[in-house]
Amino acid sequence: MELFDSLKFKIIRRNIKVAFPEATDARILGAASRLKAEELLEPVLIGNLAEIEKAAVARGIALENFTIIDPDHYDRWDEMVEAFVERRKGKVSKEDAEKMLKDENYFGTMLTYMGVTEGMVSGAIHSTGDTVRPALQIIKTKPGVSRTSGAFLMVRGRDQEKYLFSDCAINVNPSAQELAEIAVESAKTAELFDIEPKVAMMSFSTKGSAKAPEVEKVAEATKIAQELAPDYLIDGELQFDAAYIPGVAQLKAPDSKVAGQATVFVFPELQSGNIGYKIAQRFGGFEAIGPILQGLNKPISDLSRGSNEEDVYKLSIITAAQALMN
Ligand SMILES: CC(C)(COP(=O)(O)OP(=O)(O)OC[C@H]1O[C@@H](n2cnc3c(N)ncnc32)[C@H](O)[C@@H]1OP(=O)(O)O)[C@@H](O)C(=O)NCCC(=O)NCCS
């Protein structure tokens, strides 16, 4: 089954509610109306009713039966303010909360925290920081996960060759412990896409072939990850060719159960991760889907500002599927 057919099969008619804080954007409205018409999820549009209606008319979309929540007229506003102050214990006053919750990303994140929606998709007009920060502060990471991270699903060709790359979006220079947690979360994310996780911890060294603190960090992270999740196949440190090419794996890491057949590639820090996925995308002809934020208690997804309607549609499907994992 094609990747998105399988995800759609998982979420269809489950009535999964997803908040869209950028509901006056034509790409968001277009994707939301398709998702609703196909019964893949129940969009909850956030914003001023008149402005959303005007944008919908301009986009040629009829909004009847859509749930629209206007932060200026929300019947659970006081409860939301109180819950936010409680969640941010000591860091935000009631007055601050009243102001911050007028920001649609904070509002949408709180709707998700309160369980009104099961996830949120934003970022088509907001920066990564503005989209993700409320989630880090309110939704927070799952027990045992100290950092959220951003994975990219890399898909190529008609036979749907699939890999997962991470972290390509969030943590500039993770510690060995953080890198280990990223590896374990990435293995779980891979399973969501029916990828059998074989996790390669990437480096410029294979099994001690080079010596440097950067290499030691990856070797240490490998050890921690193996201890954290003994049931997953996780190995390192591996160079990309040793991880990917069976012939090179035979020479450089003959005893590894991951080398030569890796499906999940964990990069040692953000520069290599971000550069790496873009090289695969531009040179290798892979479609890069993401970033898919992993490790949060509930799924919050950050669109690129360059996204088109199809990107919004796809990331929303992934977000709804992640909600089912929780
Ligand atoms: C994600 C990012 C925006 C966080 O923003 P930030 O506002 O600088 O974060 P702060 O350090 O002020 O922390 C805000 C809160 O989030 C938490 N936090 C920050 N990064 C986190 C992470 N990766 N995982 C979990 N929590 C995190 C902090 O602990 C803090 O929580 P607290 O307020 O309850 O104490 C920042 O890490 C970033 O800009 N990363 C690079 C993103 C980027 O440019 N990517 C490019 C490719 S897309």
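Each residue takes its place number in the sequence, starting with 1. If you're wondering where the values come from, they're calculated on a predicted model, not measured in any experiment. Counting starts at 1 for both ligands and their atoms, in listed order.
For Phe107, the ring-ring contact (aromatic ring centres under 6.0 Å, His included) partners are Tyr74, not counting sequence neighbours. Every side-chain contact (heavy atoms from CB on, under 4.5 Å) that Ser256 has, sequence neighbours left out, goes to Asp235, Ala253, Val258, Ala259.
Remark: Gln271 CD is loosely packed, at most 12 non-hydrogen atoms of other residues, nucleotides or ligands lying under 6.0 Å away.
When only non-hydrogen protein atoms are considered, atom 9 (O) of ligand 1 lies nearest to Arg133 NE, 4.5 Å. Of the protein's non-hydrogen atoms, Ile170 O, 3.3 Å is the one closest to atom 41 (C) of ligand 1. Given atom 14 (C) of ligand 1, the protein heavy atom at minimum distance is Gln137 NE2, 4.2 Å. Looking only at heavy atoms of the protein, atom 18 (N) of ligand 1 is closest to Leu136 CD1, 3.6 Å. The shortest contact between atom 42 (C) of ligand 1 and any protein heavy atom is with Ala169 O, 3.2 Å. The protein heavy atom nearest to atom 3 (C) of ligand 1 is Gly129 CA, 3.5 Å. Arg88 NH2, 2.8 Å is the protein heavy atom nearest to atom 33 (O) of ligand 1. Summary of contacts: the protein heavy atom closest to atom 35 (O) of ligand 1 is Lys91 NZ, 2.8 Å.
Contact annotation for atom 20 (N) of ligand 1: protein present (non-hydrogen atoms, distance under 4.0 Å). Protein non-hydrogen atoms do reach within 4.0 Å of atom 6 (P) of ligand 1. When distances from atom 28 (C) of ligand 1 to the protein are checked, no heavy atom turns up under 4.0 Å. Remark: atom 44 (O) of ligand 1 lies closer than 4.0 Å to no protein heavy atom. Closer than 4.0 Å to atom 39 (O) of ligand 1 lies none of the heavy atoms of the protein.
Glu185 places none of its side-chain heavy atoms less than 4.5 Å from the side chain of Asp167. You'll find the side chain of Val172 stays beyond 4.5 Å of the side chain of Glu269, heavy atoms only. In this structure, Leu3 and Leu153 have side chains that are in contact, with non-hydrogen atoms separated by less than 4.5 Å.
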**Study point:** Check against salt bridge (charged side-chain N to carboxylate O under 4.0 Å, His left out), Arg59 and Glu309
**Key:** CA-CA 12 Å; Arg59 174 66 183 69; Glu309 185 180 304; 2.7 Å; yes
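The aromatic rings of Phe265 and Phe165 sit perpendicular to each other, their planes meeting at more than 60°, with 30° as the lower class boundary.
Judged by a 6.0 Å distance limit and a 45° cone about the ring axis, Lys36 is positioned over the six-membered ring of Phe66.
Residue-ligand proximity, Asn274 to ligand 1, at heavy-atom distances under 4.0 Å covers atoms 47 (C).
Side-chain contact annotation: Glu196 with Thr263, donor-acceptor N/O pair under 3.5 Å absent.
Comparing Asp130, Asp167, Asn171, Leu296 by heavy-atom distance to atom 23 (N) of ligand 1, the nearest is Asn171.
For the pair Ser146 and ligand 1, a heavy-atom separation below 4.0 Å is found.
Proximity of Arg147 to ligand 1, defined as any heavy-atom pair under 4.0 Å, is shared by backbone and side chain alike.
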